[in-house]
Amino acid sequence: MKFTLKTATSHFFLTRFSLLRTPTVTTLPLPLPLLNYPLPTRTTTITTTTTISTPSFPIYSACAPMSIATQHILQVRDKIELSDIERRIFDRLLATLRHFNLQTQLRVAGGWVRDKLLGKDCYDIDIALDNMMGTEFVDKVREYLLSIGEDAQGVCVIESNPDQSKHLETARMHLFDMWIDFVNLRSEEYTENSRIPSKQSFGTPEEDAYRRDLTINSLFYNINTGSVEDFTKRGISDLKSGRIVTPLPPKATFLDDPLRVLRAIRFGARFEFTLDEDLKVAAACGDVKDALAAKISRERIGTEVDLMISGNQPVKAMTHICDLTLFWTVFSLPPEFEPTISDGCERLCIAYLDTAWNLVHLLKESTFTDEERRLSLFAALFLPLKNTTYQVKKAKVVPVVNYIIRDSLKRKSKDAEMVLDLHRASQKFLSLIPCLASNEGLQSDDVGWMRRLIDDVSVASRVRVLTGLNKVWEVKPLISGKDVMNVLQLKGGGPLVKEWLEKSMAWQLANPSGTSEECIDWLREANSKRVKLE
């Protein structure tokens with residue numbers, strides 16, 4: 001299904017308004033959280049039952065605070081069980097070592113080891129080599145595969161970029177429908193005033209492990225021996241206890257690659273692990289925030305935020321960003337804008353996000369596609385900023401939200417357009433709430449923005465038309481532009497045809513069992529009345 005404004009608007013605004021008509025609704029004055037809305041508190045330990053609750057605010061029942069009792073138990077396995085494909089991949093790599101008599105140790109590093117120990121599937125295999133570059137080994141693998149009649153596909157090299165904190169050249173190849181990355185174990189030396197390595201050399205597995213972002217990501221799986229290696233001596237224990245900790249002092253780790261701050265937040269939210277106190281202090285310090293803003297590309301920041309919003313705990317992730325005073329570093333603003341953003345606005349942003357997230361679960365996640373959910377949550381997060389603008393060249397006024405999405409996060413232009421469309425739609429649909437809550441007939445004066453569309457619809461059916469229906473975007477029009485032209489005796493299309501097509505769709509929504517013949521009869525009668533009035 002193509003994602004359009006109609007789908008987004010229907011899901012993000014229309015469906016929730018229709019819930020007002022359920023018998024359990026309590027009529028309340030405003031559908032907006034208060035400015036002093038506190039951050040949602042969601043505390044979870046790895047083996048205990050936790051009640052997740054959100055504070056109350058005056059809003060209709062569809063977005064009322066929910067208390068969800070959930071149990072999060074992560075069992076860490078003693079050993080890694082390989083899938084058939086993983087076993088075939090590793091067999092080919094070991095065979096390459098034997099074929100060329102290489103004394104290289106092959107270790108899978110990072111997230112794959114973590115996820116496999118947690119019993120989760122992972123399709124991101126990064127292999128560290130102890131005595132050769134990734135490009136050298138990939139060439140050997142390709143040569144071996146050709147010798148046995150197999151082909152190595154997708155071989156490429158991703159260059160290092162120290163200015164963006166990507167210090168290692170990475171070789172990549174495609175084996176048995178999986179992408180495999182190859183890098184060398186590293187040891188680095190730094191000059192006194194720089195976190196860009198002045199010298200890199202092959203390192204030991206222990207040196208490499210301590211250069212990783214988090215202890216739970218510092219584990220290795222030695223392909224040669226088939227064993228898990230924990231060189232920091234705390235990777236497995238932190239995994240079992242549910243702690244987000246850096247192998248080295250956190251400030252040094254973050255200044256090495258400031259994006260690790262966002263990765264720590266993302267993994268903490270994803271697994272509902274506890275952020276180490278020293279880590280939080282370092283993440284919130286000025287040096288790290290300055291480095292994150294200056295040293296990391298906005299594309300990389302945007303990708304991390306996208307992963308958080310698309311993940312299983314977007315509210316928790318954004319709450320961490322706010323608690324660590326990183327909100328306006330991550331979602332940077334243009335130099336000048338108006339009106340002034342009030343203190344605590346970031347907390348209101350998270351309150352809106354929490355409301356939308358609760359609604360997603362209330363309506364069941366299957367109601368939304370992943371893309372619909374992602375853009376709806378972005379729209380909710382930035383809704384408090386919808387009236388804030390800045391000027392670009394030729395004095396053009398642009399919403400700040402457009403700047404955040406396109407410049408701060410470097411997301412697609414269509415993402416910004418969709419979020420802004422949702423914000424504009426929200427203003428229109430808010431005017432429907434008093435009528436929906438009171439169950440009184442809707443007069444066209446109540447919603448001047450749609451008067452032209454509903455003037456020819458009965459008062460009893462106007463709410464039905466304006467709020468939309470489930471999967472309304474899939475409704476096929478009963479009549480075409482050609483039908484309108486025939487009834488109105490027009491020789492060509494134009495604004496009048498478009499207007500009557502919109503009115504006919506309104507009639508169709510108001511009369512769900514109507515036929516095309518009945519719609520044409522209505523069109524003929526409605527047009528006749530208009531002609532007489534003119």
Side-chain angles (χ1 to χ4, degrees), residues 42-50 52 70-81 107-122 124-128 185-186 203-222 225 227-285 288 304 307-308 311-313 316-317 319-321 323-324 326:
R42 300 168 185 257
T43 305
T44 307
T45 57
I46 193 168
T47 57
T48 59
T49 300
T50 304
I52 302 175
T70 57
Q71 188 175 35
H72 301 280
I73 301 175
L74 294 180
Q75 296 181 344
V76 180
R77 297 183 174 183
D78 295 329
K79 63 179 182 178
I80 286 178
E81 298 179 6
R107 293 178 169 90
V108 187
W112 182 89
V113 186
R114 177 201 66 226
D115 287 353
K116 294 293 286 188
L117 287 174
L118 294 174
K120 300 177 181 293
D121 292 329
C122 185
D124 185 14
I125 299 179
D126 298 320
I127 295 180
L185 295 172
R186 61 172 173 154
T204 66
E206 183 175 2
E207 288 173 328
D208 189 274
Y210 276 99
R211 287 296 177 190
R212 298 279 166 173
D213 54 359
L214 303 171
T215 57
I216 63 171
N217 295 336
S218 68
L219 299 166
F220 291 106
Y221 174 75
N222 191 312
T225 63
S227 60
V228 175
E229 299 171 332
D230 185 4
F231 290 102
T232 67
K233 301 297 190 295
R234 59 178 304 174
I236 291 176
S237 62
D238 286 339
L239 193 60
K240 289 181 177 179
S241 61
R243 290 177 57 80
I244 298 296
V245 185
T246 56
L248 292 175
K251 186 172 181 179
T253 298
F254 292 154
L255 288 177
D256 177 16
D257 182 354
L259 192 70
R260 290 170 173 171
V261 175
L262 299 186
R263 286 174 57 82
I265 289 171
R266 176 162 62 87
F267 286 120
R270 173 183 170 185
F271 295 115
E272 298 192 68
F273 283 4
T274 301
L275 301 185
D276 177 71
E277 288 301 318
D278 290 340
L279 181 151
K280 291 194 288 187
V281 171
C285 80
V288 170
E304 285 295 322
L307 290 170
M308 294 179 197
N312 62 325
Q313 292 290 342
K316 193 177 187 71
T319 300
H320 283 323
I321 287 177
D323 285 344
L324 298 176
L326 294 169

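Index from 1, following the sequence.
Under a 3.5 Å cut-off, the side chain of Glu272 and the backbone N or O of Ala269 do not form any donor-acceptor pair. The main-chain N or O of Gly111 is never found under 3.5 Å from a side-chain atom of Asn217 such that the two would form a donor-acceptor pair. Judged purely by atom type and a 3.5 angstrom limit, Asp230 uses its side chain to pair as donor or acceptor with the backbone of Gly235.
Distance check: Leu185 CG to Arg211 CZ gives 13.5 Å after rounding to the nearest 0.5 Å. Atom CD1 of Ile321 is separated from atom CG of Leu326 by 7.0 Å, given to the nearest 0.5 angstrom. The structure places CG of Asp208 at 9.5 Å from CZ of Phe231, a figure rounded to the nearest 0.5 Å. Note that the CZ atom of Arg270 and the CD1 atom of Ile265 stand 15.5 Å from one another [nearest 0.5 Å]. With values rounded to the nearest 0.5 angstrom, Leu239 atom CG is found 11.0 Å from Leu214 atom CG. Here Thr246 contributes atom OG1 and Asp278 contributes atom CG; the two are 8.0 Å apart, rounded to the nearest 0.5 Å.
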I would like to know whether Asp238 and Phe273 meet side chain to side chain contact (heavy atoms under 4.5 Å, CB included); could you show each step before the answer? CA-CA 9 Å; Asp238 286 339; Phe273 283 4; over 6 Å; no

Is there a side chain to side chain contact (heavy atoms under 4.5 Å, CB included) between Leu118 and Val76? Walk through the geometry before answering. CA-CA 5 Å; Leu118 294 174; Val76 180; 4.0 Å; yes

List the steps, then state whether salt bridge (charged side-chain N to carboxylate O under 4.0 Å, His left out) holds for Lys280 with Asp276. CA-CA 6 Å; Lys280 291 194 288 187; Asp276 177 71; over 6 Å; no

Derivation and outcome, side chain to side chain contact (heavy atoms under 4.5 Å, CB included), residues Asp126 and Val108: CA-CA 6 Å; Asp126 298 320; Val108 187; 5.7 Å; no

Can you list the steps and then say if Lys79 with Val228 is a side chain to side chain contact (heavy atoms under 4.5 Å, CB included)? CA-CA 7 Å; Lys79 63 179 182 178; Val228 175; over 6 Å; no

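The residue from Arg114, Arg260, Arg263 that alone fulfils the salt bridge (charged side-chain N to carboxylate O under 4.0 Å, His left out) condition with Asp213 is Arg263.
The residues Glu81 and Arg77 are annotated as salt-bridged, a charged nitrogen and a carboxylate oxygen being separated by less than 4.0 angstrom.
Heavy atoms only, all atoms of each residue included: Ser218 and Ala209 are closest at CB-O, 3.5 Å. Of all the heavy atoms in Glu207 and Gly203, the pair that sits closest is OE1-CA, 3.2 Å. Closest approach of Lys316 and Gly268 over heavy atoms only: CE-O, 4.3 Å. Cys285 and Lys251 make their closest contact through SG-CE, 4.0 Å (heavy atoms, listed as atom of the first residue, atom of the second, distance). Taking every heavy atom of both residues into account, Ala128 and Phe220 meet most closely at CB-CE2, 4.3 Å.
Side-chain contact check for Phe267 versus Ile244: some heavy-atom pair is nearer than 4.5 Å. Using a 4.5 Å cut-off on side-chain heavy atoms (C-beta onward), Leu262 and Leu259 make contact. Here the side chains of Thr232 and Tyr210 are in contact, with some heavy-atom distance below 4.5 Å. Inter-residue side-chain proximity for Glu277 and Val281 is flagged as unmet; no heavy-atom pair is nearer than 4.5 Å.
Between the side chains of Ser227 and Asn222, not a single donor N or O lies within less than 3.5 Å of an accepting N or O.
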